[in-house]
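Below is one structure; the comments refer to it alone.
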Amino acid sequence: MGLDLSGRQYANVPLQEKQRLFDEVKADLRYDDYLFGCYECGICVAACPSARFYDFSPRKIAQTMAREDVDLFYVMLNDSVWDCSQCFSCDVCPRKNSPGGLITLMREVAVKNGLPSAQQALEGYGRVVYKIMATGTQVSPDMLQDNAFPDWGPHVKDISQNLDVWRRALPPDTMHTTETSWRVDDKTIHELYLIWHMTGVMDMIKEVDEGLFMILQDVMEERLEDAGYDVSFD
Amino acid sequence: MIPHSAILKPSSRTFVPDPGRAPTEDYHELIFELEKEGEWEVQRVPEPYIEVHNKYGRTKKIPLQKTWHHKSCGQCGHIPGYSTAVFWINRKLGLDYIDPTDQTSCTAWNYYASATSNAAAQAAVAMRNFAAAAETGYFPIIHCATSFGHYKETRQQLLHSPELRRQVREILAKLGKKLVMPEEIVHYSEWVHAVRDRIAEHQVVGMDHIRATIHPACHYHKLVGEDAVYADEIHGRQRSAIITGLLQALGIDVRDYSTWHDCCGFGFRHILVSRDFSRSFAVQRKIEVMKEEADPDVLITHDTGCVTTLDQSQFAAKAHGRNVGLPVMSDSQLAALAMGAHPYKVLQLHWHSTDNKPFLDKLGIDHKARWAEFEAAVAELRSGAKQYLTWEDCDV
Ligand code: SF4
Ligand code: SF4
């Protein structure tokens, strides 16, 4: 199904609410570096991988934002931004815009406000968020399971069946781990948790996935408490 | 339509840069200015360093050794021979490095995929890692192009936002760390490029008869393109020099194709939860185009996401009868292979998807015998005779 730009699907969302979210994107310190207007030349579209396979256009994102069309902004925020590959091929823009950068900001606002479209886009992604936030490395060896990657080939099953011994068959001694990509010091993990705490990232998680928030909260608070920190993520 | 032959013919034109007329700011000047103002410390590239140039002719310093290896979670987790090869080359060349455990992922794969973070958190993660490197006296070298791209972006934001600098400085102070910006943000493939002549001096596997295509990572040369390395003698400075320079030093015929600038289709979230897109893009815009226009024996790239997408996407496409079957590896793996590294103990090629045996055959490498050696080593680990494979088992 193509992207419905009419805005009919969001006619019942008050303009004020759309404006509030638009203003939140605009208030980000990076916004002024990502948008300088738009020639509507389409150079970004020619470079964009997502535009080839989705009804998606970085030009429309830049144009919408430059025209401050809040109705269209709300359509893009919900129905378009998650198609982007975040490759930044669109940084080729002659006007020095970064449509991909604008999309990063829009996604962040969608998550922070717990929009249902963001929740839906992140369905099935919770395990990855858990890994990176709780362990400090993202795609760990034990995520290579044939039921998760059946389309990658039979070697995935070989890896998962031999995981422990094949990890021990790696010469760097930091990489014998299976649950993390390398061995991360406890102190390093504590520092990472403190960063999440001080920057409000856990509040974002709470908005978008309450269950994940609770699991992360338990893990982090317990490990921090064991290390002598008194930190609450509530 | 422009005929392929016109695109594939090497151009004789060379772009001659004038750093004085560069359209972008020189981050070096700004970094040192902020140091003078007491905003942060700058970690200098240790001597001796190798000088290379960006597309505007500005100099970039690449450390030879005393490097702190900022590993990639996708490489170490799913393509472990990628990082192992980087370390193996360092050891083979007798260069000093640290493989740290006081390092987290840059967390940018997740950020670009899910946006469940923000500018301050991302900058704090980056600067925590940089501070950890500075504490050791070794200079950070970034394995992943996603981390490399994201750290460049982060530096840009920190350079221009006093408020973000204040926020991150305060966070780091609470962790007992200082705000330290490295003089250069260096990608490991730039180091491979800078030492390519040394690598070639150690070459024991002839590659003169090999045809290759390369794929440059978007976050390497498109996202904050200022840092990427270019050279007069490589693509007439029209494209970044990385990978091509190494391959040419090894005697390989690097072949061009018309979608060189295209992304691989990784997409961060797409490769994990929307793989139909990644697969379609990788196969239709990259692999098939390369096969049709350049007929390569191997595809070499320099990023976690690119190796993953371009390699793993081919299995399902083969089932649909697409024109695939092109082995994919990193420049570090290829360089190590040329220097005689073991294809399974060092390159760990059994973690890759696309059949690379025809390529090994073409190089005259007896992969059956090498696999039997790896299996024998694994049997020792299984029996408990040995706990781990070590560097001594890999001739370094
Ligand atoms: S964002 Fe830039 S490249 Fe895209 S249409 Fe506008 S001016 Fe052109
Ligand atoms: S960052 Fe997004 S919008 Fe920009 S080129 Fe890549 S996929 Fe397209």
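Chain letters run A, B, ... following the sequence lines, proteins first, then strands; residues in each count from 1.
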Side chain / backbone / both / neither for [X] at chain A, heavy atoms under 4.5 Å:
| X | result |
| --- | --- |
| B:K177 | side chain |
| B:V378 | both |
| B:T308 | side chain |
| B:Q348 | side chain |
| B:A132 | neither |
| B:K318 | neither |
| B:D393 | neither |
| B:F374 | side chain |
| B:A120 | both |

Which one wins on heavy-atom pair count under 4.5 Å against chain B: [options]?
| options | value |
| --- | --- |
| A:I132, A:D91, A:T137 | A:I132 |
| A:M204, A:H176, A:R183 | A:H176 |
| A:D142, A:V156, A:D83, A:V128 | A:D83 |
| A:V184, A:L144, A:V111, A:D209 | A:L144 |
| A:C87, A:C84, A:P154 | A:C87 |
| A:A47, A:C90, A:C48, A:A121 | A:A121 |

Give, for atom [atom1] of [X] and atom [atom2] of [Y], the distance between the pair rounded to the nearest 0.5 Å.
| X | Y | atom1 | atom2 | value |
| --- | --- | --- | --- | --- |
| B:T146 | A:Q138 | OG1 | CD | 9.5 Å |
| A:E108 | B:S117 | CD | OG | 7.0 Å |
| B:T116 | A:R107 | OG1 | CZ | 11.0 Å |
| B:R285 | A:R52 | CZ | CZ | 3.5 Å |
| A:N162 | B:H350 | CG | NE2 | 8.5 Å |
| A:L170 | B:K345 | CG | NZ | 13.0 Å |

Task: For A:T188, the option from B:T101, B:T104, B:N129, B:D102 that meets side chain to side chain donor-acceptor pair (under 3.5 Å) - done: B:D102
Exercise: identify the closest heavy-atom pair between [X] and [Y]:
| X | Y | result |
| --- | --- | --- |
| B:F87 | A:P172 | CD1-CG, 4.0 Å |
| B:A115 | A:T104 | CB-O, 4.5 Å |
| A:A169 | B:L389 | O-CD2, 3.1 Å |
| A:V139 | B:G74 | CG2-CA, 3.3 Å |
| A:S181 | B:C73 | OG-O, 2.9 Å |
| B:R128 | A:E191 | NH1-OE1, 2.6 Å |

Under 6.0 Å from the [atom1] atom of [X], do we count more than 12 heavy atoms belonging to anything else shown?
| X | atom1 | result |
| --- | --- | --- |
| A:D230 | CG | no |
| A:E179 | CD | no |
| A:E225 | CD | no |
| A:Y39 | OH | yes |

Open item on the list: Walk me through whether A:F88 and B:Y112 qualify under ring pair (Phe, Tyr, Trp, His ring centres under 6.0 Å).
Closed with: CA-CA 11 Å; A:F88 299 98; B:Y112 292 127; 5.7 Å; yes
Do [X] and [Y] come close enough that some side-chain heavy atom pair is under 4.5 Å?
| X | Y | result |
| --- | --- | --- |
| B:N118 | A:K112 | no |
| B:F277 | A:P49 | yes |
| A:S89 | B:H261 | no |
| B:F266 | A:Q86 | no |
| A:I195 | B:L175 | yes |
| A:W152 | B:S313 | no |

Out of [options], which one racks up the most heavy-atom pairs below 4.5 Å with chain A?
| options | answer |
| --- | --- |
| B:G176, B:C218, B:G81 | B:C218 |
| B:S274, B:G265, B:A316, B:P80 | B:P80 |
| B:H352, B:R382, B:R269 | B:R269 |
| B:D311, B:T84, B:D262, B:T304 | B:T84 |
| B:D276, B:L381, B:V396 | B:L381 |
| B:S72, B:C76, B:C106, B:S105 | B:C76 |

TODO: Output, in order, the C-alpha distance, side-chain angles, deciding distance and verdict of salt bridge (Lys or Arg N to Asp or Glu O under 4.0 Å) for B:E153 and A:R30.
DONE: CA-CA 10 Å; B:E153 256 190 325; A:R30 296 163 285 184; over 6 Å; no
Structural part of [X] lying under 4.5 Å from a heavy atom of chain B:
| X | answer |
| --- | --- |
| A:S140 | backbone |
| A:L163 | side chain |
| A:T177 | neither |
| A:W196 | side chain |
| A:L29 | side chain |

Task: Modelled atom types, side-chain donor and acceptor of A:H155 and B:Q312, under 3.5 Å - done: yes
Open item on the list: Please verify the inter-ring angle class for A:Y54 with B:H270; under 30° counts as parallel, over 60° as perpendicular, anything in between as tilted.
Closed with: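 Taking B:H270 first and then A:Y54, their aromatic rings sit tilted (interplane angle of 30° to 60°).
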Open item on the list: Suppose a student defines contact as a heavy atom less than 4.5 Å from any heavy atom of chain A. Which residues in residues 158-172 of chain B would they list?
Closed with: B:S161, B:L164, B:I171
Open item on the list: Taking salt bridge (charged side-chain N to carboxylate O under 4.0 Å, His left out) as the definition, give me every residue that meets it alongside B:R275, ordered by chain and number, with sequence neighbours left out.
Closed with: A:D151
- [ ] Please find out if less than 6.0 Å separates the ring center of B:F268 from that of A:Y125.
- [x]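 Aromatic pair excluded; centres sit 6.0 Å or further apart.
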